Amino acid sequence: TSLLLMAGIMVTVGLCRRLTRRRLRSHQRLCTFLLEMFSTFQICACTNELCLLGNVEPKPHTSLTLTYGFTVLHGLTLTGSTCNPCGTLQPMWGGGISVKMGGLKIGAQFMAAVLARVFMHFIWSLEMAEPHFGALSQGCSNPMQTTETQAFCIELLFSVVFQLTILRVESVNSKYRVHLIALLITMLVYAGGNLTGAIFNPALAFSLHPNCFYDKFLSYSLVYWIAPSLGKFLILYVF
């Protein structure tokens, strides 16, 4: 049921993106906003569902396999979208897009994060699958299983590694690049998923753990917003 749900989300988002390109091609800002929102919604909604499958046996093989598979699918179906505020900073820094357009994309990403969380809460309330039972009563799932300093360093390091890899594989054929990025994300999740969740995406972190930001805003904003953004700026400054 969970796999069918995620497949349905991806098909629906694909149809929405195609319709947006056809009907709103002349309205550049609105088209860009909706494309970024739909794409980020897909990633946030699917990742919310994947988190519920983390305890499916055999562990961690099932969750890592699903992470790799759906990352490849996201890469193949969401071409042209960054779905990550840190990724939007690069063209803003280099002058590829204006500050206003960059802010529009980041706003779309965070709006999609909220909408994805609301949508998944509605789906979980229907209790269509066993993993959905009790999902709404979890509150803050507390992804940080280490000290705040260590969590900050882990998210900073993972962001640097991820963003550096993105820059280095730009010249690789797209059909191979998707698999390389998916493999890297899977390795990072395996290495640090039990410590911080290995998110390195501010919008995705907000969608996965909104209650945690409400309870401990300073700590979680430092680890899941400031650390990945700082990692991106380090990459931009050095390279």
Side-chain angles (χ1 to χ4, degrees), residues 2 6 39-40 42-56 58-75 78 82-89 109-110 112-113 116-117 120 131 138 140-169 177-213 216 219-235:
S2 293
M6 289 186 283
S39 302
T40 309
Q42 174 178 311
I43 288 181
C44 291
C46 290
T47 306
N48 268 280
E49 186 68 17
L50 280 175
C51 288
L52 297 183
L53 303 178
N55 294 323
V56 175
K59 296 189 295 184
H61 306 83
T62 301
S63 59
L64 291 176
T65 301
L66 291 174
T67 298
Y68 176 82
F70 276 93
T71 303
V72 171
L73 291 175
H74 292 323
L78 302 179
T82 57
C83 309
N84 187 338
C86 295
T88 308
L89 294 175
Q109 291 159 359
F110 276 98
R117 186 65 177 183
M120 294 310 298
Q138 290 181 356
C140 175
S141 55
N142 194 18
M144 282 197 292
Q145 300 299 316
T146 182
T147 65
E148 183 178 313
T149 302
Q150 290 179 334
F152 178 87
C153 293
I154 290 172
E155 287 294 312
L156 174 63
L157 175 62
F158 284 4
S159 177
V160 169
V161 172
F162 177 72
Q163 300 296 341
L164 179 59
T165 303
I166 293 294
L167 291 176
R168 304 303 293 180
V169 300
R177 182 170 64 244
V178 169
H179 290 278
L180 290 174
I181 295 174
L183 180 60
L184 172 65
I185 291 177
T186 305
M187 292 172 61
L188 294 178
V189 170
Y190 177 73
N194 62 325
L195 298 175
T196 65
I199 303 174
F200 46 89
N201 182 334
L204 178 58
F206 188 66
S207 182
L208 294 177
H209 309 290
N211 293 328
C212 298
F213 282 92
K216 300 179 180 179
S219 297
Y220 278 79
S221 60
L222 181 66
V223 173
Y224 294 105
W225 290 355
I226 303 300
S229 301
L230 180 59
K232 182 63 177 180
F233 278 118
L234 287 175
I235 291 297

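This is a predicted model, so every value here is computed, not measured. In this chain, residues are counted from 1 in sequence order.
To the nearest 0.5 Å, atoms OG1 (T40) and CD (Q42) are separated by 10.0 Å. In this structure, CG on L180 lies 10.0 Å from CD1 on I166, to the nearest 0.5 angstrom. In this structure, L53 CG and T65 OG1 are separated by 12.0 Å, a value rounded to the nearest 0.5 Å. One finds the OG1 atom of T71 at 10.0 Å from the CD1 atom of I181 (value rounded to the nearest 0.5 Å). Here the CG-CG distance, from L64 to L50, works out to 11.0 Å after rounding to the nearest 0.5 Å. Distance check: C46 SG to M120 CE gives 8.0 Å after rounding to the nearest 0.5 Å.
Taking every heavy atom of both residues into account, S39 and L78 meet most closely at O-CD1, 3.6 Å. Residues C212 and P143 share a closest heavy-atom pair of SG-CD, 4.0 Å. A151 approaches M144 most closely through the heavy-atom pair CB-SD, 3.5 Å. Across R117 and L208, no two heavy atoms sit closer than the pair NH1-O, 3.3 Å.
Using a 30° and 60° split on the angle between ring planes, F206 and F213 fall in the perpendicular class, above 60°. Between H179 and Y68, the ring planes are tilted. Angles from 30° to 60° get that label.
S159 contributes no side-chain N or O that, together with a main-chain N or O of G231, makes up a donor-acceptor pair within less than 3.5 Å. Without hydrogens or angle criteria, S207 side chain to A203 main chain gives no donor-acceptor distance under 3.5 Å. Distance alone, capped at 3.5 Å, places no donor-acceptor pair between the T47 side chain and the C44 backbone. Judged by distance alone, with hydrogens and angles left aside, the side-chain atoms of N201 form a donor-acceptor pair with the main-chain N or O of C83 at under 3.5 Å.
Side-chain contact between L66 and H61 is absent, with no heavy atoms from C-beta onward closer than 4.5 Å. Here the side chains of I199 and H209 are in contact, with some heavy-atom distance below 4.5 Å. Between L156 and V223, every side-chain heavy-atom pair lies at or beyond the 4.5 Å cut-off. The closest side-chain heavy-atom distance from F162 to P228 is not below 4.5 Å. For the pair P202/F110, a side-chain contact is recorded, criterion being any heavy-atom separation below 4.5 Å from C-beta on.
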For residues 184-194, run the donor-acceptor check on the side chains, cut-off 3.5 Å, and write out each pair with its distance to 0.1 Å, sequence neighbours left out.
from, atom 1, to, atom 2, distance (Å)
T186, OG1, A182, O, 2.8

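Remark: E155 engages T196 in a side-chain hydrogen bond (donor to acceptor under 3.5 Å, both in side chains) (not counting sequence neighbours).
Ring centroids of W225 and Y220 are separated by 6.0 Å or more, keeping the two rings apart.
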Quiz item: Between Q163 and F200, does a side-chain contact (heavy atoms from CB on, under 4.5 Å) hold up when you go through it step by step?
Solution: CA-CA 10 Å; Q163 300 296 341; F200 46 89; 6.0 Å; no
Quiz item: Which is it for N84 and L204 under the side-chain contact (heavy atoms from CB on, under 4.5 Å) test, yes or no, and what are the steps along the way?
Solution: CA-CA 8 Å; N84 187 338; L204 178 58; over 6 Å; no
Self-check item: Intermediate values then yes/no, side-chain contact (heavy atoms from CB on, under 4.5 Å), T165 and R168
Solution: CA-CA 5 Å; T165 303; R168 304 303 293 180; 5.7 Å; no
Quiz item: Hey, mind stepping through Q150 and L195 against side-chain contact (heavy atoms from CB on, under 4.5 Å) and telling me if it holds?
Solution: CA-CA 9 Å; Q150 290 179 334; L195 298 175; over 6 Å; no
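Under 3.5 Å, the side chains of S219 and E148 contain a donor-acceptor pair of N or O atoms.
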